Each structure stands twice: as structure tokens, then as C-alpha cells.
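Remember, it's a predicted structure, so these values are computed and weren't measured experimentally. Numbers restart at 1 for each chain; the letters A, B, ... are given by sequence-line order, proteins then strands.
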Protein chains: 2
Amino acid sequence: MEQERPLPSVVERMWGREPVPRRGPRPRLDLATITTAAIEIADAEGLGGVSMASVASRVGVAATALYRYIGSKDDLLTIMADGVAPPPPEPEGRSWRDYLALWTRIQRDLLLEHAWLLSVGRLSPPLGPRRLLWFDRALAALDGTGLDHGEKINVASTLTGYALTDAALVHGIGGGAPQPEEHAIGGAAEYGEVLAGLLDPAAYPALSAAMRSGVMRGAEGWVEDEDFVFGLNLLLDGIEALIGRRASEERSCCGEGVPE
Amino acid sequence: MEQERPLPSVVERMWGREPVPRRGPRPRLDLATITTAAIEIADAEGLGGVSMASVASRVGVAATALYRYIGSKDDLLTIMADGVAPPPPEPEGRSWRDYLALWTRIQRDLLLEHAWLLSVGRLSPPLGPRRLLWFDRALAALDGTGLDHGEKINVASTLTGYALTDAALVHGIGGGAPQPEEHAIGGAAEYGEVLAGLLDPAAYPALSAAMRSGVMRGAEGWVEDEDFVFGLNLLLDGIEALIGRRASEERSCCGEGVPE
DNA sequence: TTAAAACTATGAACGTCATACACAGTACGT
DNA sequence: ACGTACTGTGTATGACGTTCATAGTTTTAA
């Protein structure tokens with residue numbers, strides 16, 4: 001059962017399994033160098049600034065030389081998306097709830113810090129070593145809760161998704177770092193005003209009422225930390241309820257099952 | 001307070017506020033024609049098939065003629081993202097919970113049916129008439145629950161985000177319509193096997209254990225409807241708890257407040 | 001020591017794409 | 001009927017991803 005399946009070469013590369021050449025000149029670069037260069041560009045100029053040419057020139061080679069290390073630009077983006085992730089915090093000593101709250105928050109902050117991730121990561125599930133490490137720690141934090149493997153996975157997926165959703169919202173509405181980009185709307189307050197002026201109260205009664213009520217006028221108020229915590233607690237409450245249910249089931253029905 | 005702010009012209013166009021010409025030849029096209037053509041292409045060939053040239057040729061004009069109707073390709077994508085949304089179901093006669101469950105599910109199904117949406121909608125909050133109508137109906141469904149405007153908005157955002165997350169997961173892992181695309185991983189079972197063969201159990205203890213346990217081997221089992229419902233109920237449970245809390249607060253503290 | 005082999009980086013070339021611009025044709029308003 | 005405002009077209013441009021043949025470099029084998 002050992003890697004019989006031929007993995008996509010991107011994945012091999014991400015895991016450091018690049019074929020080491022025994023002949024010929026030494027490679028002037030390696031994946032890490034290219035990846036960090038690309039990430040730096042993306043952080044500074046956004047995804048639009050990341051071209052084969054720009055990355056190559058930053059590491060001091062011709063554009064086409066990069067194809068010795070990656071198969072395509074898409075591959076580069078995939079590797080970048082894994083490469084930005086720092087090591088996750090360790091769950092030890094924390095309750096599952098505290099840990100997952102932290103875990104989710106850091107992910108969201110990371111997404112805001114590297115907003116270009118929002119335009120990348122979404123397709124295809126994670127296969128890189130760093131993101132999978134994050135995943136592992138979430139599952140580990142749920143050990144002893146009585147959830148089965150599938151439930152743990154679902155919980156982790158849902159929380160990751162929430163981090164993404166929230167980051168996208170904050171970024172889209174202009175609450176994050178004020179990147180001088182193409183966005184026309186700059187802040188929740190302005191968004192609210194635009195909508196209030198745009199909507200026909202007859203066709204959009206509820207939304208129109210909400211916008212005219214001034215909820216969005218809280219300057220930094222909306223779409224900020226408070227709202228992140230709000231939704232997060234919605235989820236954590238749901239998870240806690242599930243765990244409670246599992247615990248009572250376990251106590252009542254079966255002396256010994258296969259909880260994991 | 002009437003649209004003093006100069007809206008981006010894309011938004012004006014989306015709302016049917018295109019300037020009607022009084023002189024010159026009649027426009028051969030309109031926004032709707034272009035939009036549906038583009039959507040049809042995206043549905044058939046994915047976002048990659050959508051170029052100014054392909055859209056133009058489908059509606060029978062030269063590529064550059066499209067710029068009479070839209071400002072840029074980005075604008076076209078924005079309009080497409082609003083244009084695919086069908087009218088939302090009406091909340092009347094349903095409990096908020098039933099309605100929001102339906103509301104979220106339809107959104108997820110829509111995202112799977114038009115998977116290219118996953119690569120578009122992320123950035124910038126909705127400003128189009130159709131998506132805002134969806135938003136409105138979610139808020140309407142929450143009338144009478146005691147939540148304030150901000151909370152309702154948060155709830156709706158969170159659920160939309162969940163639909164997106166789940167759709168992205170299902171699509172990424174190959175559970176959706178088997179589009180003959182570039183994805184290397186085809187199905188949850190294969191994903192699980194790949195991971196099981198890739199992970200070092202020492203470095204990834206929890207994840208590795210989960211993958212070797214065979215959770216992913218449920219053929220259609222994982223990442224399917226059951227899992228969507230799972231996460232959705234997590235959220236709805238959390239929302240229900242919140243509503244209950246608000247209700248008891250209201251009963252105990254203040255005779256008349258400004259709940260909305 | 002020499003020669004083949006393996007491998008690297010390069011530069012030129014191609015195809016695709018979004019977009020700008022000048023032009024020609026067409027219908028309305030006077 | 002004339003001018004005006006507007007429409008669709010063709011051409012052109014610059015950026016980008018990617019391919020390929022080539023020249024250069026280091027290691028292995030003879």
C-alpha cells in the first residue's frame with residue numbers, strides 16, 4: 001500500500017521528492033526559493049503581479065528556466081498556496097474548543113494577510129505537507145470527544161471554510177489591509193449606503209430595511225472581529241452540542257464500540 | 001439620499017440602468033444576451049472557454065463590439081455571477097429553519113451546477129439585483145426571531161459561505177458532475193488512498209489514522225449530501241441556540257426595545 | 001585523460017488573449 | 001436633407017504562458 005499510485009508530479013515536488021540529478025551542472029534554484037519569491041511578489045502586488053517572467057527575474061534567471069522546477073504556472077500557484085502556511089499551533093493543553101477557535105482565527109488572519117490566497121486555494125482539496133499538518137492538528141484536537149473520523153473531518157472542513165468565507169467577506173468589503181486595488185467599494189459603511197440608495201424597498205423589503213437601519217455604519221464595527229467571533233461561536237456551539245449528543249449516546253447504548 | 005454616489009458603471013448596467021441611446025443605429029445586443037451566452041459557454045467549457053472572442057462569436061459580433069456593453073472582462077464575470085442566480089424561493093409558510101436549509105441547499109446546488117462560479121464569486125460582496133434578492137429573502141425569513149439586523153446579516157453571510165465551502169469541497173474532490181477537467185484526484189476514495197500512502201504517521205498521526213480507517217472509502221459516501229446536511233445542521237443548531245437566547249433576554253429584561 | 005552522457009539555463013518563436021483606436025456605416029433629430 | 005451620435009469592424013499592440021532547439025556545464029565511464 002505504498003504510493004503505488006503515480007502522484008501528480010506537483011505533489012511529489014511539494015513533498016520534497018524532487019528527483020536529485022546526479023549528472024550535469026548543479027541546479028541554481030530549488031522549489032523553496034521560487035516559491036518564496038512568488039509569494040513575496042503576490043504579497044506586494046497581488047496575484048496580478050505574479051507572472052513567470054516576474055518570478056524568474058526576481059530569482060535571477062530567465063522565465064523559461066522555471067519550467068525545470070515546476071510543470072506550469074498552475075502548479076506554482078498550488079505550491080504557493082501550501083507554502084504560505086506556517087506551522088500550526090499545537091493542541092496540547094488546550095480544550096478542543098479553545099484550540100479550534102485559535103486554529104480558525106489564525107487561518108483567517110493568514111488569508112487576510114495574503115489576500116491573493118482567496119483567488120487560489122479554492123479548487124482541489126489540500127495535498128501539500130503544510131496544509132495537511134493543519135488538518136492533522138484539528139483532528140488531533142478533537143481526540144477524546146467521541147466524534148468519529150468522518151465527523152472530525154467534517155468539523156475541520158467546515159471551520160476552514162468559515163475562515164475562508166469570513167476572510168473573503170472582510171477583504172471584499174474593504175475591511176482588511178487597505179490595498180490600493182480596483183475595488184470601488186471602500187468599507188462597510190459605504191457598502192451599506194450604496195445598497196440603501198440602490199434598493200427598491202418594495203422588492204427588497206428586508207434587506208432595504210436593514211441597510212437603512214444603519215447597521216453598516218459602525219465604521220470598523222461591522223465585518224470585524226466581533227462578527228468573526230459571532231459566526232465562529234455559532235459553529236462551535238453546534239459542534240459542542242454534537243459532542244454532547246455523542247457522549248450521551250455512548251454512555252447509554254454500547255459499552256464498547258469503535259468510536260474511532 | 002438618492003444615489004448621490006456615482007456607482008461603478010457595471011453596477012448601473014446590472015440594474016438595467018444602461019443609457020438608452022436616442023440616436024444612431026439600434027444596438028444589436030443587450031446585456032442579457034451577452035451574459036447568457038457567456039454563461040452557456042462557461043457551463044459547457046468552464047471559465048477557460050470564456051474569452052471575449054468566444055462570447056462575441058457566439059452572439060454573432062466581433063470581439064471588440066462587446067466593449068460597447070461592458071467595461072472589461074472582469075465586469076462580464078461580475079455580471080455573470082449575478083446572472084446565474086434564479087429567483088429565490090419565498091419564505092412564506094415555512095419556519096426560518098426549514099427555509100434557510102432550503103435556501104442554503106439551493107445555493108450549493110447552483111454552485112455545483114455552475115462550478116465556474118467557484119472561481120469567480122469570491123471577491124467583493126454582491127451588488128447585483130439577483131443575489132441581493134436572495135439575501136433579502138434570508139433576512140425576511142429571520143423576521144420575528146428576535147435577532148437584530150446585524151445578526152441576521154451575519155447569519156445569512158455565514159450560510160452563504162457554507163454553501164460555497166461545501167460546493168468547493170465537493171467539486172474539488174470530484175464528487176460533483178464528472179467534468180473532464182485537469183483534476184488528478186477523482187473521488188473521495190482515491191483522495192483518501194493517496195493521503196494514506198503519502199503521510200508519515202509520526203508527523204501526521206491523527207490525519208493518517210483517519211485516512212487509514214477507511215472513512216473515505218464510502219464511494220459516494222463522503223462529501224455527499226449527508227455531509228452537507230451535517231455541517232448545515234451544525235450551523236442551524238447554533239443559530240437556533242442564539243435565537244433562543246435572544247428570546248429569553250427579551251422576555252426578561254426590557255418590555256419594549258428596538259429589536260429591529 | 002578523454003569522451004560520452006546527463007542535465008542546466010537561454011533566447012527566439014508561437015499562439016492566445018484583453019484591450020485601444022481609428023474608421024465606416026446607420027438611424028434619429030432637426 | 002444634413003449633421004450628429006452612436007454602432008460594429010479591422011487592425012494593432014503588448015503581455016503572457018509555454019515549446020523547442022541550442023549552447024554550456026558537470027559528472028560518469030572508458
Atom [atom1] of [X] and atom [atom2] of [Y]: how far apart are they, to the nearest 0.5 Å?
X: A:M52; Y: A:I70; atom1: CE; atom2: CD1; result: 4.0 Å
X: A:L132; Y: A:R137; atom1: CG; atom2: CZ; result: 11.5 Å
X: B:I34; Y: B:I39; atom1: CD1; atom2: CD1; result: 12.0 Å
X: B:I41; Y: B:S51; atom1: CD1; atom2: OG; result: 7.0 Å
X: B:L169; Y: B:D227; atom1: CG; atom2: CG; result: 8.5 Å

Answer with base, sugar-phosphate or nothing: what part of the nucleic acid does A:A62 contact at a heavy-atom distance below 4.0 Å?
sugar-phosphate
Rounded to the nearest Å, what distance is computed from the CG atom of residue B:L47 to the P atom of nucleotide C:dA18?
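It works out to 11 Å between those atoms.
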Interatomic distance where CZ belongs to B:R28 and C1' belongs to C:dT26 [whole Å]
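It is 11 Å, rounded to the nearest whole Å.
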Keeping the roles fixed (side chain from A:R131, backbone from A:A85), state whether a donor-acceptor pair exists under 3.5 Å.
no
Taking the side chain from A:S54 and the backbone from A:G49, do they hold a donor-acceptor pair closer than 3.5 Å?
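Pair found, side chain donor or acceptor close to backbone of A:G49.
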Which atom names give the shortest non-hydrogen contact between B:A210 and A:I153, and what distance separates them?
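Smallest interatomic distance, heavy atoms only, reads CB-CD1, 4.4 Å.
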At their closest point, which heavy atom of B:V120 faces which heavy atom of B:L77, and how far apart are they?
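Closest heavy-atom pair between B:V120 and B:L77: CG1-O, 4.0 Å.
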Can you give me the N/O atom pairs linking the protein to nucleotides 13-17 of chain C at distances under 3.5 Å, or say none if there are none?
none

With sequence neighbours excluded, residues passing side-chain contact (heavy atoms from CB on, under 4.5 Å) with B:P129
A:Y204, B:M14, B:W15, B:D82
Sorted by chain and residue number, the side-chain contact (heavy atoms from CB on, under 4.5 Å) partners of B:P86 (sequence neighbours excluded) come out as B:L110, B:W134
Outermost DNA chain D nucleotides near chain B [under 4.0 Å, heavy atoms]
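Contacts span D:dA5 to D:dT11, reading 5' to 3'.
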Can you give me the bend angle of the helix from C:dT1-D:dA30 to C:dT30-D:dA1? Use the axis through the first five pairs and the one through the last five, nearest 10 degrees.
10°
Nucleotide by nucleotide, 5' to 3', does protein get under 4.0 Å of the base (B), only the sugar-phosphate (S), or neither (-) in nucleotides 2-7 of chain C, counting heavy atoms?
----BB
A side-chain contact here means heavy atoms from C-beta on lying under 4.5 Å apart; do A:R108 and A:D225 qualify?
yes
Do A:D30 and A:T33 have side-chain N/O donor and acceptor atoms under 3.5 Å apart?
yes
